[in-house]
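Before any comments, here is the structure.
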Amino acid sequence: MEVDTIFTSEESASSPFAFNASVAAVFDDMLNRSVPLYREALTLQMKLANRFYLPGTRMYDLGCSHGNFGVGFLEAAGDRDFSMVAVDNSKPMLEIYEKRLSVRRGSGRIQLCCEDISTTPMEEASVVVMNLTLQFLPLAMRDEIIGRVYQALVPGGILLLTEKVVHKNAFLADIQQESYYGFKAANGYSSLEISRKREALENVLVPETLEAHQERLGKSGFSMVEIYLKWFHFTSFLAVKEKKQCGV
Ligand SMILES: Nc1ncnc2c1ncn2[C@@H]1O[C@H](C[S@+](CC[C@H]([NH3+])C(=O)[O-])CC(=O)[O-])[C@@H](O)[C@H]1O
Ligand SMILES: O=C(O)C(=O)Cc1ccccc1
């Protein structure tokens, strides 16, 4: 695995963060060292996806990057059939994903789409995964996207949403950030790398409060929402589209 040294160089500080070829090449190391509980979240997402996926429907992975969810799900599925649409607008990420699929059996079950999530058509979905993706979309588009996810889900279908959130209380938001930077430092990032990346992510990764996410999920139609994992900022929501009961 290639080591993430992106923010060791001075020029890295001068441009906004982008999912380009240099980032794609070191992305696993970047995720492992910068996202607390990343592997644990993936494992739980695969288990929940497996529990809620309905044969004949689709699974969508929105902001799939280089395919950790899809490749993991494919390996765990064995001979069980499924249909997944994996969407990302970073070509370098999808090129790596395609290579990973090319050496695996049954990879025709995953269709890769290089497009913007805000325009991607969705239908007949029983599972939609958005792992650390919504936070990169313009704030003004987020309601519409979650609304479309809800509409695309069949009754009993789920959205697995993981986001970096920010605490609504300024003091606790500082504690979150302090704990998070401690995590990065313990994983070998220097304070210069940490501050350069913070600058590069400004206005690119825009976190919202946990309450803002809950409110959006509620007003989009999700009446059952569970937080199944949380590490300060990093929060994983399970949102279920309820099955309507006859006569109620
Ligand atoms: N508008 C957009 N349209 C499509 N893709 C987008 C858009 N904006 C950003 N992306 C894509 O969303 C992904 C976010 S990374 C997801 C990790 C993955 N889910 C994982 O479980 O390994 C999270 C992170 O880097 O913190 C990148 O691949 C972007 O190209
Ligand atoms: O929020 C941060 O400071 C991060 O480093 C999160 C992150 C992880 C991987 C890619 C982009 C942002």
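Predicted model, so just to flag it, every value in this text is computed and none were measured. Start at 1 and go down the list; that is how both ligands and their atoms are numbered. All residue numbers in this chain count up from 1 along the given sequence.
Of the heavy atoms in Leu201, only side-chain atoms (C-beta onward) come closer than 4.0 Å to ligand 2.
Looking at Ile145, Leu94, Asp88, it is Asp88 that brings a heavy atom closest to atom 27 (C) of ligand 1. Of the candidates Ala41, Ser65, Ala18, the one placing a heavy atom closest to atom 13 (C) of ligand 1 is Ser65.
The contact set between ligand 1 and Asn131, taken as ligand atoms under 4.0 Å from a residue heavy atom, comprises 16 (C), 17 (C), 18 (C), 19 (N), 20 (C), 21 (O). Set against the non-hydrogen atoms of Thr133, the atoms of ligand 1 under 4.0 Å away are 12 (O). Those atoms of ligand 1 with a heavy atom of Ser90 less than 4.0 angstrom away are 30 (O). Taking a cut-off of under 4.0 Å to the non-hydrogen atoms of Gln135, the atoms of ligand 1 that pass are 26 (O). Remark: ligand 1 atoms within the under-4.0 Å shell around heavy atoms of Leu137 are 1 (N). Atom numbering of ligand 1 starts at 1 in the shown order; those under 4.0 Å from a heavy atom of Phe19 are 14 (C), 25 (O), 27 (C), 29 (C), 30 (O). Close approach of ligand 1 to Phe27 is summarised as follows: ligand atoms under 4.0 Å from at least one heavy atom of the residue are 15 (S), 25 (O).
Distance from atom 2 (C) of ligand 2 to its nearest protein heavy atom, with residue and atom name: Tyr180 OH, 3.2 Å. Here the protein heavy atom with the shortest distance to atom 23 (C) of ligand 1 is Leu132 O, 3.1 Å. Scanning the protein for heavy atoms near atom 1 (O) of ligand 2, the closest one is Lys164 NZ, 2.6 Å. Among all non-hydrogen protein atoms, the one lying nearest atom 12 (C) of ligand 2 is Lys197 NZ, 3.6 Å. Nearest non-hydrogen protein atom to atom 3 (O) of ligand 2 is Lys184 NZ, 2.8 Å.
Contact annotation: His233 has no heavy atom less than 4.0 Å from any atom of ligand 2. Close to ligand 1: Glu115, with a non-hydrogen atom less than 4.0 angstrom away.
A cation-pi arrangement is not found for Lys241 relative to Phe222, the charged atom failing to lie both closer than 6.0 Å to the ring centre and inside a 45° cone about the ring normal.
By the 4.0 Å N-to-carboxylate-O rule, Glu193 lies too far from Lys184 to be salt-bridged with it. For the pair Arg148 and Asp143, the salt-bridge criterion is not met [side-chain N within less than 4.0 Å of a carboxylate O]. Using a 4.0 Å cut-off between charged nitrogen and carboxylate oxygen, Arg196 and Glu10 do not count as a salt-bridge pair.
Within a 6.0 Å radius of CE in Met224, more than 12 heavy atoms belonging to other residues, nucleotides or ligands are found.
Looking at Tyr228 and Leu160, their side chains come closer than 4.5 Å, going by heavy atoms from C-beta outward.
With hydrogens and angles left out, the side-chain atoms of Asn68 and Asp28 include a donor and acceptor closer than 3.5 Å. In this structure, a donor-acceptor pair under 3.5 Å is present between the side chains of Gln45 and Asn131.
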